Structure formats: structure tokens, C-alpha cells
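Only one structure is covered here, and it is reproduced in the block below.
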Amino acid sequence: MPKLEYKTTKDIPIPKLMVDQVIGQEHAVNIVKKAALKRRNVLLIGSPGTGKSLIGQALAELLPKEKLVDTLSYPNPSDENVPLIKTLPKGQGKEIVTKAKIEAMGSFRNSNIILIILALVSIILPYYFYAKKEFPFDSPVVFAASMITSIVFIIGLMLFLNLNKKMIKMGGAGFSPKLLIDNSDIKKSPFFDATGAHAGALLGDVLHDPLQSGGLGTPAHERLIPGMIHRASGGVLFIDEISTLQPHSQQELLTALQEKKYPITGQSERSSGAMTRSEPVPTDFILVAAGNLETIQHMHPALRSRIRGYGYEVYMNNTMDDTPENRDKLAIFIAQEVEKDGKILHFTREAVEVMIDEARRMASTSGKLTARLRELGGLVRAAGDVAVEENAKFVEPKHIHEAKKISKTLEQQIADKYIEAKKKYDVIVTTGTRVGRVNGLAVMGSDSAYSGIVLPIESEVTPGGKKTEFVATGKLGEIAKEAVKNVSALILKYFGEDLREKYDVYIQFVQSTEGVEGDSASIAVATSIISSLKNVPIRQDTAMTGSLSVRGEVLAVGGISAKIEAAIDAGIKRVIIPKTNENDVVITKERLAKIQIIPVLRIEEVIKEAMDWKGKEQILKAFLAKERS
């Protein structure tokens with residue numbers, strides 16, 4: 001791919017094919033091309049916003065459209081509840097139905113004209129004879145009786161005409177079939193998104209007929225409604241979160257995949273449509289199923305086996321390499337989003353560079369760019385809206401910075417209010433020193449929308465029983481509880497003699513009503529316990545995050561940039577992070593200038609940096625000597 005040369009995204013050519021618009025999913029694109037060539041099914045598993053539906057549409061675009069057919073339903077003379085099905089090359093179905101309707105209506109119209117003339121004569125003649133005083137119409141009683149008779153005749157005629165129309169549809173030379181699926185105007189292979197579809201919409205249905213007797217009911221072949229599995233024949237059926245389909249629907253979908261045809265029947269047992277079951281209707285579609293990792297656990301095993309045996313499974317990328325080529329692809333993506341939206345302005349090159357920095361931050365991993373482009377696209381539109389409001393010619397970096405303020409995720413807004421409230425009531429302390437109290441860091445939300453918060457942790461060592469007990473409170477999740485156990489093992493390793501048969505240790509995650517999960521607070525918990533045990537104060541201008549092994553190694557954690565930004569927003573001056581996360585920090589230089597980042601490898605470095613050892617130097621030396629030994 002040649003290097004892009006542009007001043008604004010208006011200068012960037014946009015790929016015409018959808019498959020070329022997919023960014024950061026090269027493996028998935030290669031699989032889709034193979035699937036289109038050999039008509040294979042595909043299962044796409046990954047995070048939201050990674051382009052699963054776009055890949056499904058790209059697959060439909062690659063399929064040949066010459067093999068599409070029209071599908072018609074005909075009444076069955078031998079069994080009206082089993083309508084006949086016929087397929088024709090696309091375009092011919094509409095011609096046949098139109099011709100049949102013209103012929104039927106022609107014969108129907110001719111007979112109607114004669115009957116209407118008779119009806120008019122029956123009304124006019126009695127009045128004419130009465131006016132002429134012709135016997136026996138010269139009598140008012142006879143005239144009234146004749147008029148009543150004429151009205152009854154007209155009512156009977158109307159019922160007859162309606163019945164005649166129904167009979168024409170059911171049989172005879174002039175009946176017309178129903179065009180179930182019309183592909184005459186389709187320019188490319190069909191693509192249907194059946195995400196969240198109920199059984200009737202997915203598998204087809206038969207309408208209920210309230211007039212089932214007396215010859216006034218609607219013929220069964222007229223009540224057939226094709227489902228998306230029928231409409232997608234020859235194209236692509238896309239189903240996101242496929243595990244949310246009812247087990248029955250998944251089983252019937254498997255049947256349609258295997259047989260490549262599926263009859264239409266009523267989906268409700270209470271409806272008269274349940275008695276109707278047509279001949280099989282073609283369902284020769286390619287299934288593109290999608291979801292996240294949990295989808296696999298709840299998906300029908302036989303359906304997944306069918307996809308795997310006759311297709312491909314793809315795990316979508318959350319990130320892509322931070323290379324010049326991929327940075328150019330992000331510029332193309334921004335140009336695509338501007339064109340698709342149609343209401344926002346193009347971006348300057350400088351604005352594109354800022355968006356690329358945002359892609360780095362969203363990736364939260366060194367040397368990577370995010371491939372969850374839906375969130376990035378949201379920022380593109382928000383920045384475009386800001387630029388339009390200011391009557392600017394193009395979107396510039398300042399518009400992006402403003403857009404970030406007004407388009408914060410719910411998690412970010414909650415985190416802002418959390419920090420504001422905790423600082424107001426001195427729950428978060430950022431100055432001075434305190435024993436047993438440390439500012440931990442955590443994140444809210446998922447990996448697609450991390451937002452950092454400051455999480456105060458306090459510990460207290462109290463006289464205990466025969467065995468030292470570690471008690472943690474604060475609505476902890478399973479992983480968080482296991483992390484506390486690991487920390488307790490480390491504390492016993494270094495301070496077992498001091499604790500044995502003397503003390504219990506209590507750890508409190510202060511006002512953590514939202515709950516705590518994960519092990520990224522491990523070094524904060526260990527620091528808090530050591531401070532309380534040895535009565536060494538902790539610097540409150542310092543926050544920390546990091547997992548901890550039972551051997552004292554500080555391990556990498558997620559959401560590192562969001563956590564550091566939370567510390568900055570809270571007014572904290574120093575932050576301790578794992579050395580292995582050092583390259584994952586993606587924060588602007590202006591923000592980084594407000595805080596000192598201290599990368600560490602082991603717990604000894606953490607307590608050395610986090611605590612105020614003035615007057616307690618001997619304790620630190622003993623601790624470090626024990627580690628070396």
C-alpha cells in the first residue's frame with residue numbers, strides 16, 4: 001500500500017468495495033474471500049465494534065448475483081393446506097404473477113359488468129312501471145315490495161361477487177399465484193440481518209385466517225410469509241449474538257443449513273396458520289454468525305459443528321500493529337466515516353494524527369492501535385458535530401479535544417462524579433501521610449470503554465487468635481478475594497514471625513459500593529498491610545496499581561492509561577505502575593507533565609517509594625535484607 005499524501009481527509013480516495021473498507025481484520029478478510037468463493041459459513045467471535053456486520057455485508061457483495069431466483073406459491077388442488085412452491089430465474093416470477101392477475105381480473109370484470117347491469121335494471125324497472133301506473137306496480141304495496149326485493153338482490157350480488165373473487169384465486173383458469181420472493185430488482189446478492197429476530201421473522205410464518213369456513217377465507221398459499229432464511233437464499237444471512245436465539249430456532253436454522261430448503265408453516269399453535277405447511281422453499285444462504293466468547297458456551301453444539309465442519313471460525317482482532325500502513329488505514333477509516341455520515345466536515349491531517357493517538361490510547365497496549373473502530377467512529381462524529389457548530393471549514397485538533405469532553409462514556413461520567421464526591425468528603429486524600437491507608441487505582445467498564453477511579457484501601461492489624469486471619473471487606477469479587485489470599489501468603493513470608501499467634505489483619509476497600517473485581521490492587525493491599533503492621537506512614541500524594549505474584553513480582557495490569565488519568569484528575573502527584581506496563585501509557589504530554597510515573601518490578605521497590613521511611617530506616621533495611629536472602 002503506497003503512503004497516503006493528503007492535507008485533509010477529503011483528498012483520500014475511499015475504497016468502493018466493502019471488503020476493502022474493513023480495517024485491522026486481515027485474517028477475517030482472507031477467510032471471507034475464501035468463503036465467498038466456496039460458499040462456506042463463517043462464525044465471527046470478538047468484541048463489539050470490531051466490524052463483524054461489515055464483514056458479513058462484504059461477503060454478500062463478493063457473491064455472484066446471477067443465480068438468484070424468484071419463488072412463487074400456488075394453491076394445491078389435492079390439499080389446500082400444503083401450498084405448492086415453484087422457483088424461476090429472477091425477474092420471471094413477477095411477469096407470471098402480473099399476467100395471471102390480468103387474465104383473472106379480465107374474466108372477473110366481464111362477468112361483473114353483466115351482473116351490475118342486471119342489478120341496475122332490477123332497481124329502475126319497478127320505479128319506471130310505478131311512474132307509468134302499469135299494473136300491478138300501480139299499487140304502492142307492490143312497488144315497496146319490489147324495491148325491497150331489489151335491495152336483497154343487490155346484497156346477494158355483492159356476496160356472490162366476493163365469493164366469486166375468492167373462487168377465482170383458488171382455482172379455475174384465471175387463478176393467480178403469490179410471489180413470495182421477488183429478486184427482479186436486486187442488484188447484488190441479498191444480505192439480511194436477522195439479529196434478534198423472532199421465530200416467525202426468521203423461519204417464515206402463515207397468517208391466521210379468521211374466516212375459515214363458508215368459502216370466504218383467504219387461500220393458504222396467499223397467507224404464506226417467507227422468513228429471512230428464505231429471503232437470504234443466494235446471499236448472506238447475518239445473525240449477531242446468535243446464542244440469544246431460542247433453542248428451537250437454532251435447531252430449525254441448522255435444518256435449513258443442512259437441507260438448503262425449509263417449508264413455511266405457522267409458528268403459533270393457536271393460529272389457523274399452524275395447519276398449513278408448504279412444500280420446501282429454497283434456503284441456500286451463507287450463514288455469518290457472530291458473538292463474543294460467551295456465545296460459544298450457549299450456542300447449539302450441532303449448529304456450531306455444522307459451521308465448523310462446512311466453514312470457518314474467526315476470532316476478531318481487538319488491536320492492530322502501530323505501523324505506517326495501519327495509520328494510513330485509520331485515515332481512510334476517518335474519511336469513510338465522514339462520507340457515510342454526510343453531515344460532518346472532513347478532518348485536517350493534524351486532526352487525523354490526534355485521532356491516531358486516540359486509537360493508541362484505546363488499544364492500551366504498546367505498539368498497538370485499536371481495532372474496535374465503532375468507538376473511534378463515535379469520536380469522529382462528535383468532533384465533526386463540534387466543528388459544524390463552530391462553522392469551521394475542517395475538523396481540527398481542538399474540536400477533537402472538545403468532543404472528548406462532551407462525549408464521555410457513562411463509565412467516565414460516573415467516575416468523574418465518584419472522584420468529585422469522594423474528594424468532597426475526604427474519602428480520597430492526596431496530601432500528607434497516613435498509616436495503613438493507600439490510594440489504589442481501578443477501572444470501571446469493559447476493555448472497550450475503560451474509565452479509571454481512585455480506590456482508597458485501609459488496613460488494620462488487631463490482636464488475634466492462634467492462627468493469623470486475613471479479612472477483606474468491600475463487596476469483593478472472586479478474583480479480588482483470591483488476590484488478597486496471594487498477598488496474605490507474601491505477608492506471611494516476610495512477617496510470619498511478627499504475625500503468628502498474635503494478630504489478625506483486616507483490609508477494607510473504602511466505600512466500594514460498586515464492588516471490586518480483579519487483582520490490580522494487589523500491591524496496594526500489600527503496602528497497606530505492611531504500613532499498618534510496622535506503623536510506617538504511606539504518602540497520600542502517591543497512587544499505585546499492579547498485580548502481585550506470591551514471590552513478590554509486580555505483574556502487568558489492564559487499563560493503565562485510564563488509571564493514571566484518574567490519578568491526575570484526583571490531584572495525585574505520583575503513581576507507581578508495573579515496569580512491564582511502562583510502554584502501554586498513552587497520555588498527552590501536557591497531562592503527563594502533571595504526574596510522576598514510577599515503574600517497578602518488585603514489591604520491595606513499591607514500599608520503598610510509597611512509604612515515608614524517615615526514622616524507620618532500620619525496618620526498610622531489614623525488609624530488603626530478607627528479600628536478598
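What you see is a predicted model, and the numbers here were worked out from it, not measured in a lab. In what follows, every heavy atom counts, from backbone to side chain, and hydrogens, waters and symmetry copies are set aside.
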[Y] backbone acceptor or donor facing [X] side chain under 3.5 Å:
| X | Y | result |
| --- | --- | --- |
| Trp613 | Val536 | no |
| Thr195 | Asp240 | yes |
| Arg372 | Met362 | yes |
| Ser532 | Ile529 | no |
| Ser561 | Val586 | yes |
| Glu353 | Ala351 | no |
| Asn292 | Thr295 | yes |
| Asp11 | Glu5 | no |
| Ser520 | Thr545 | no |
| Thr50 | Asn318 | no |

Any side-chain heavy atom of [X] within less than 4.5 Å of one from [Y]?
| X | Y | value |
| --- | --- | --- |
| Arg327 | Asp322 | yes |
| Ile577 | Val585 | yes |
| Ile538 | Thr433 | no |
| Gln336 | Pro15 | yes |
| Pro456 | Val429 | no |
| Glu396 | Glu390 | no |
| Val32 | Gln25 | no |
| Ile55 | Phe238 | no |

Any chance you could lay out the side chain to side chain contact (heavy atoms under 4.5 Å, CB included) test for Ile344 and Val395, step after step, and finish with the verdict? CA-CA 9 Å; Ile344 60 176; Val395 176; 5.9 Å; no
Could you measure the distance from the [atom1] atom of [X] to the [atom2] atom of [Y]? Nearest 0.5 Å is fine.
| X | Y | atom1 | atom2 | answer |
| --- | --- | --- | --- | --- |
| Thr348 | Tyr6 | OG1 | OH | 9.0 Å |
| Gln57 | Lys52 | CD | NZ | 13.5 Å |
| Leu345 | Asn391 | CG | CG | 9.0 Å |
| Glu350 | Ile400 | CD | CD1 | 10.5 Å |
| Phe394 | Thr9 | CZ | OG1 | 8.0 Å |
| Arg360 | Thr365 | CZ | OG1 | 13.5 Å |

Side chain to side chain contact (heavy atoms under 4.5 Å, CB included) partner of Leu369, the single match among Asp321, Leu330, Thr319: Leu330
Quick one: closest heavy-atom pair of [X] and [Y], and the distance?
| X | Y | result |
| --- | --- | --- |
| Gly24 | Ala371 | O-CB, 4.5 Å |
| Pro578 | Gly546 | CG-CA, 3.8 Å |
| Leu373 | Phe333 | O-CZ, 3.3 Å |
| Arg361 | Lys404 | NE-NZ, 4.2 Å |
| Gly46 | Met316 | CA-CB, 4.1 Å |
| Val600 | Val606 | CG2-CG2, 3.7 Å |

Any chance you could lay out the side chain to side chain contact (heavy atoms under 4.5 Å, CB included) test for Lys563 and Val575, step after step, and finish with the verdict? CA-CA 9 Å; Lys563 292 175 180 178; Val575 62; over 6 Å; no
Give a yes or no on whether a salt bridge exists between [X] and [Y], defined as a side-chain N under 4.0 angstrom from a carboxylate O.
| X | Y | value |
| --- | --- | --- |
| Glu313 | Arg304 | yes |
| Arg591 | Asp569 | yes |
| Arg574 | Glu609 | yes |
| Arg539 | Asp541 | yes |
| Glu605 | Arg602 | no |

For the residue pair Lys393 / Thr8, report whether a side-chain donor-acceptor contact shorter than 3.5 Å exists. no
Please assess Met544 against Val438 for the test side chain to side chain contact (heavy atoms under 4.5 Å, CB included), listing each intermediate value before the final yes or no. CA-CA 8 Å; Met544 62 186 68; Val438 65; 3.6 Å; yes
For side chain to side chain contact (heavy atoms under 4.5 Å, CB included), just list the numbers for Phe191 and Leu59, CA-CA rounded to whole Å, side-chain angles, deciding distance to a tenth of an Å, and then say yes or no. CA-CA 9 Å; Phe191 172 86; Leu59 175 55; over 6 Å; no
Going by side chain to side chain donor-acceptor pair (under 3.5 Å), name the residues that satisfy it together with Ser547, two or more places apart in sequence or in a different chain. Asp519
[X] [atom1]: over 12 foreign heavy atoms closer than 6.0 Å:
| X | atom1 | value |
| --- | --- | --- |
| Arg551 | CZ | no |
| Lys340 | NZ | yes |
| Gln596 | CD | yes |
| Lys616 | NZ | yes |

